[in-house]
Amino acid sequence: GAGVSQSPSNKVTEKGKDVELRCDPISGHTALYWYRQSLGQGLEFLIYFQGNSAPDKSGLPSDRFSAERTGGSVSTLTIQRTQQEDSAVYLCASSSSYFLAGVGFVYEQYFGPGTRLTVT
Amino acid sequence: GNSVTQMEGPVTLSEEAFLTINCTYTATGYPSLFWYVQYPGEGLQLLLKATKADDKGSNKGFEATYRKETTSFHLEKGSVQVSDSAVYFCALSDRKETGANNLFFGTGTRLTVIP
């Protein structure tokens, strides 16, 4: 079946501009995550959505970053007034879960190809 | 807190050599452990996982055993191929009060296999 898709694949923007990144999760996955992969910081968690619950925004680096998930499916990550340190690959993942006796619920995350953001 | 420490690369091996990439973790709870792989020009793919102590995850000839006593999850393969050249990430997930199971990643180890 279709995997996680992200758009655009590449985005070059000028410092100070706003950008929107899009993620289409795997159909039926209720959990969605955004991560950032940068040279200096490695892979970092940004935000988590689960169904209609309030998102976990604990990983967002500043108030210039926000994300929403409409209708429990597509998500957009918005970065306002971009800075050069925002340059990174932004990864989206959606998650399935299953119950394993003796362990409990097990979660697996499937990643999209990422959006490479370059701020000039 | 949660963290993952991974053997730094890069690692260069000849084809058919034995591979070990070390990974140790610190976790507040009882995490699940994962190895993800990123092939050149591609996204992150789940390679294998283990959900409880002494579990062995395996896939494509790679194996890793969840060792709670040493808080380790080392990746091994008996005979690497050129097609295994990629960046390997060790990761853990531990359920938060928010319900999130976000992944904590190691820094990644770049493996290059030469013919």
Side-chain angles (χ1 to χ4, degrees), chain A residues 3-7 9-10 23 26 29-60 67 89-116, chain B residues 1-10 23 25 28-57 59 66 68 86-110:
Chain A
V4 178
S5 61
Q6 293 186 244
S7 61
S9 55
N10 280 285
C23 171
I26 294 172
H29 283 189
T30 58
L32 186 148
Y33 298 79
W34 283 97
Y35 293 86
R36 179 169 70 174
Q37 185 176 22
S38 58
L39 279 177
Q41 301 296 324
L43 273 155
E44 306 170 278
F45 163 74
L46 296 177
I47 188 169
Y48 158 79
F49 294 92
Q50 171 64 53
N52 295 319
S53 302
D56 179 339
K57 305 178 184 180
S58 59
L60 295 178
V89 177
Y90 289 83
L91 297 169
C92 176
S94 68
S95 176
S96 66
S97 65
Y98 59 91
F99 186 80
L100 189 62
V103 174
F105 279 99
V106 177
Y107 300 85
E108 292 184 3
Q109 295 184 30
Y110 298 86
F111 283 81
T115 294
R116 181 176 296 278
Chain B
N2 295 315
S3 67
V4 175
T5 302
Q6 185 176 344
M7 183 173 98
E8 291 193 21
C23 172
Y25 67 90
T28 53
Y30 201 171
S32 294
L33 302 175
F34 305 85
W35 277 98
Y36 279 83
V37 59
Q38 191 170 33
Y39 296 103
E42 298 185 17
L44 275 171
Q45 300 176 25
L46 177 63
L47 178 61
L48 54 84
K49 69 179 188 293
T51 55
K52 63 183 190 298
D54 301 323
D55 260 5
K56 178 185 283 187
N59 186 24
Y66 190 142
K68 190 180 178 188
V87 181
Y88 293 81
F89 294 90
C90 185
L92 71 82
S93 74
D94 199 5
R95 190 172 180 84
K96 299 166 65 176
E97 289 181 0
T98 61
N101 289 274
N102 51 288
L103 292 164
F104 294 84
F105 288 91
T107 52
T109 302
R110 181 177 298 277

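When reading the values below, keep in mind they use all heavy atoms of this one structure, side chains included, and skip hydrogens, waters and symmetry mates. Chain naming here is simple, since letters A, B, ... match the order of the sequence lines and numbering starts at 1 in each. This is a predicted model, so every value here is computed, not measured.
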Calculate, to the nearest 0.5 Å, the distance between atoms CZ and OH belonging to F111(A) and Y36(B) respectively. 5.0 Å

Structural part of Y30(B) lying under 4.5 Å from a heavy atom of chain A: neither

Need one label for S58(A): side chain, backbone, both or neither, based on atoms under 4.5 Å from any heavy atom in chain B. side chain

Look at the side chain of Y33(A) and the backbone N and O of L103(B), then say whether any donor-acceptor pair between them is shorter than 3.5 Å. no

Given a strict heavy-atom distance threshold of 4.5 Å, which part of Q6(A) is in contact with chain B: side chain, backbone, both, or neither? neither

Looking at every non-hydrogen atom in both residues, tell me the closest pair between Q109(A) and N102(B) and how far apart they are. NE2-CA, 4.0 Å

Residue Y35(A) versus chain B: region with a heavy atom under 4.5 Å: side chain

With E42(B), which residues qualify under side chain to side chain contact (heavy atoms under 4.5 Å, CB included), at least two apart? Y39(B), Q45(B)

